[in-house]
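These numbers were taken from a predicted model, which means no experiment stands behind them.
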Amino acid sequence: MGLFSGLTMAPTDPILGTSLAFQADTDPRKVNLGVGAYRTEDGKPYVLNVVLETEAEILKETGTTINKEYSTIDGPADLKTLTQKLAFGDDSEAIASGRIASVQGLSGTGSLRVCAEFTKTFLSPEADEIWISKPTWGNHIAIFQVAGLIVKEYPYYEPETRGFDFEGMLKALKEDAKPGSMVLLHACAHNPTGVDPTEEQWKAIATVMQEKQLIPLMDSAYQGYASGSLDTDAFATRLFANMGFEMFMCQSFAKNLGLYGERIGMLHIVCSDSDKAKKVLSQLKLVIRPMYSNPPIHGAQLVIKILGDAERCKAWKQQLAEMATRIHEVRALLRGGLEKKGTPGNWDHITSQIGMFSYTGLSEPMCERLIKEHHIYLLKSGRISMAGLNKGNMEYMVNAVDEVVRTCGR
């Protein structure tokens, strides 16, 4: 018996497994709609021009004003101020009052993990119960469960309409969620459905949560990427903060700055006063120290230089809007193509959904056929990444979807 003889092979992650299968496929027609990363019209990974320019400046300054020393446990002070304003607004009372405790995290995933550990360690037992949307991003459940939190689900997606189950969500929060429990909310561009509440629905959700004394945890991975406007996509986060909630907010720069591999994100905790914020920050550092000691510096330098420079920030907003516009155009082309071809079913949801992903409504047999017969790789839930589509492969996609829908039946 060897040391590891009792181990079994772990299951392949559905998303990463889809990418591996795509890479192994030699068919020239293959299309990858599984990966959650932006692609250009040519189907290539995209490094924003503003990032390239900033990288050049950092390289020039390295060895003089920039070094490779360790960062602080919680990340640079400038990073905190700039990212707080991006999330909560320049005129945020919570920022002005010093009520926000912020730490740099390892993108959104790491920030959520720190949040979960802090919750389990320091909050009341009621907060051990966290409510997440059904469905949600595949990693959410594992992140919270490994920290010892109890995961519950509230209705979110309505398969028949391929839209938001607003009444179902409100009912669960009103009747099933216990006071003091936590509720995970996707700040914008819900992953995986692309279905978001309206502003009026957000207000109703916030009111119910305030009445039930529920704790908001905002997961913001797509600010600016959904609508093309950083302010529009921050509506829900700012609404909850301005209503006086003590709340958690996890922020990622993977999608909106294209810094996927830099693993740069933030955890912000809005407290009732500045004294509590100082205490929260002190304990957050003790959570981080034995976990990964301190965060990486390069992504932080990029974000500071881009958000902290008016011209660079303006350029970023323009490039971000261009990415969002391309996704909107792809949605219109896919819907239009299917409707023109007369593909059975209603395809309105392709354009009513928002952000990187679409819940297509395709059944598992249809998805399996797309993969096997057409070399189009997607999740078997029917979720596709709109970024993988472009004018070059759109006709092929439309024809393939039409074929599997007609073959497998609606």
Side-chain angles (χ1 to χ4, degrees), residues 14-15 18 31-39 108 132-140 153-166 168-169 184-199 201-202 205 218-230 232-237 252 254-256 320-321 323-339 345-363 366-367 370 376-390 394 397-398 401:
I15 299 174
T18 299
V31 180
N32 188 359
L33 304 182
V35 64
Y38 183 79
R39 293 291 181 264
I132 65 174
S133 63
K134 183 179 181 180
T136 192
W137 176 50
N139 212 16
H140 275 145
E153 292 181 319
Y154 57 81
Y156 189 86
Y157 179 73
E158 176 50 63
E160 290 187 9
T161 63
R162 300 189 185 98
F164 179 35
D165 186 358
F166 176 55
M169 178 181 179
L184 176 72
L185 302 165
H186 297 229
C188 66
H190 183 271
N191 180 3
T193 68
V195 175
D196 281 1
T198 65
E199 291 188 359
Q201 288 172 334
W202 271 122
I205 293 166
M218 284 282 178
D219 187 358
S220 180
Y222 298 95
Q223 185 183 351
Y225 188 101
S227 68
S229 165
L230 291 162
T232 298
D233 292 348
F235 175 83
T237 298
S252 168
K255 306 296 193 298
N256 57 12
L320 181 56
M323 289 195 292
T325 297
R326 194 186 88 76
I327 299 301
H328 295 163
E329 291 173 348
V330 165
R331 286 184 178 276
L333 287 171
L334 179 58
R335 175 185 170 182
L338 292 170
E339 290 177 341
N346 186 310
W347 301 100
D348 293 358
H349 60 285
I350 298 295
T351 52
S352 64
Q353 296 170 1
I354 194 169
M356 180 172 287
F357 302 110
S358 174
Y359 239 38
T360 59
L362 297 175
S363 66
M366 293 175 189
C367 296
L370 277 174
I376 295 175
Y377 290 84
L378 71 165
L379 300 192
K380 293 180 182 180
S381 63
R383 189 207 83 169
I384 63 173
S385 172
M386 302 304 299
L389 293 173
N390 54 62
M394 185 60 71
M397 174 68 176
V398 168
V401 171

Could you tell me which residues satisfy side chain to side chain contact (heavy atoms under 4.5 Å, CB included) with T136, sequence neighbours excluded, listed by chain and number? I132, S133, H140, L184, H186

Between the side chain of [X] and the main-chain N/O of [Y], is any donor-acceptor distance below 3.5 Å?
X	Y	answer
R162	I350	no
S385	G34	no
N191	W137	no
Q223	L230	yes
D233	A226	yes

For [X] against [Y], the heavy-atom pair lying closest together:
X	Y	value
G224	A324	O-CB, 4.2 Å
G108	S252	N-CB, 3.7 Å
Y225	A387	OH-CB, 4.2 Å
S227	T232	OG-CB, 3.5 Å
L389	M397	CD2-CG, 3.7 Å

Would you call [X] and [Y] a side-chain contact if the rule is heavy atoms closer than 4.5 Å?
X	Y	result
S358	R331	yes
L334	M386	yes
L370	Y377	no
L378	T18	no
D165	K134	no
T360	M366	no
T193	P135	yes
W202	F235	yes

So if I apply the side chain to side chain contact (heavy atoms under 4.5 Å, CB included) rule between I384 and each of N32, I376, L33, L362, which one comes out positive? L33

Given F164, which of M169, Q353, E158 fulfils the side chain to side chain contact (heavy atoms under 4.5 Å, CB included) condition? M169

With sequence neighbours left out, what residues match R335 under salt bridge (Lys or Arg N to Asp or Glu O under 4.0 Å)? E339, D348

If you measure only the distance, is there a donor-acceptor pair under 3.5 Å linking the side chains of Y38 and R326? yes

Can the ring centres of H349 and Y359 be said to be less than 6.0 Å apart? no

Does the pair V330 and M394 meet the rule for a side chain to side chain contact (heavy atoms under 4.5 Å, CB included), with working shown? CA-CA 8 Å; V330 165; M394 185 60 71; 3.8 Å; yes

Atom CZ of R39 and atom CE of M323: how far apart are they, to the nearest 0.5 Å? 12.5 Å

First locate atom CD1 of I205, then atom CZ of F166, and finally report the distance between them rounded to the nearest 0.5 Å. 6.0 Å

Is the Y156 ring parallel, tilted or perpendicular to the H190 ring (thresholds 30°, 60°)? parallel

For C188 and D196, what are the C-alpha separation, side-chain angles and deciding distance, and is it a side chain to side chain contact (heavy atoms under 4.5 Å, CB included)? CA-CA 6 Å; C188 66; D196 281 1; 4.0 Å; yes

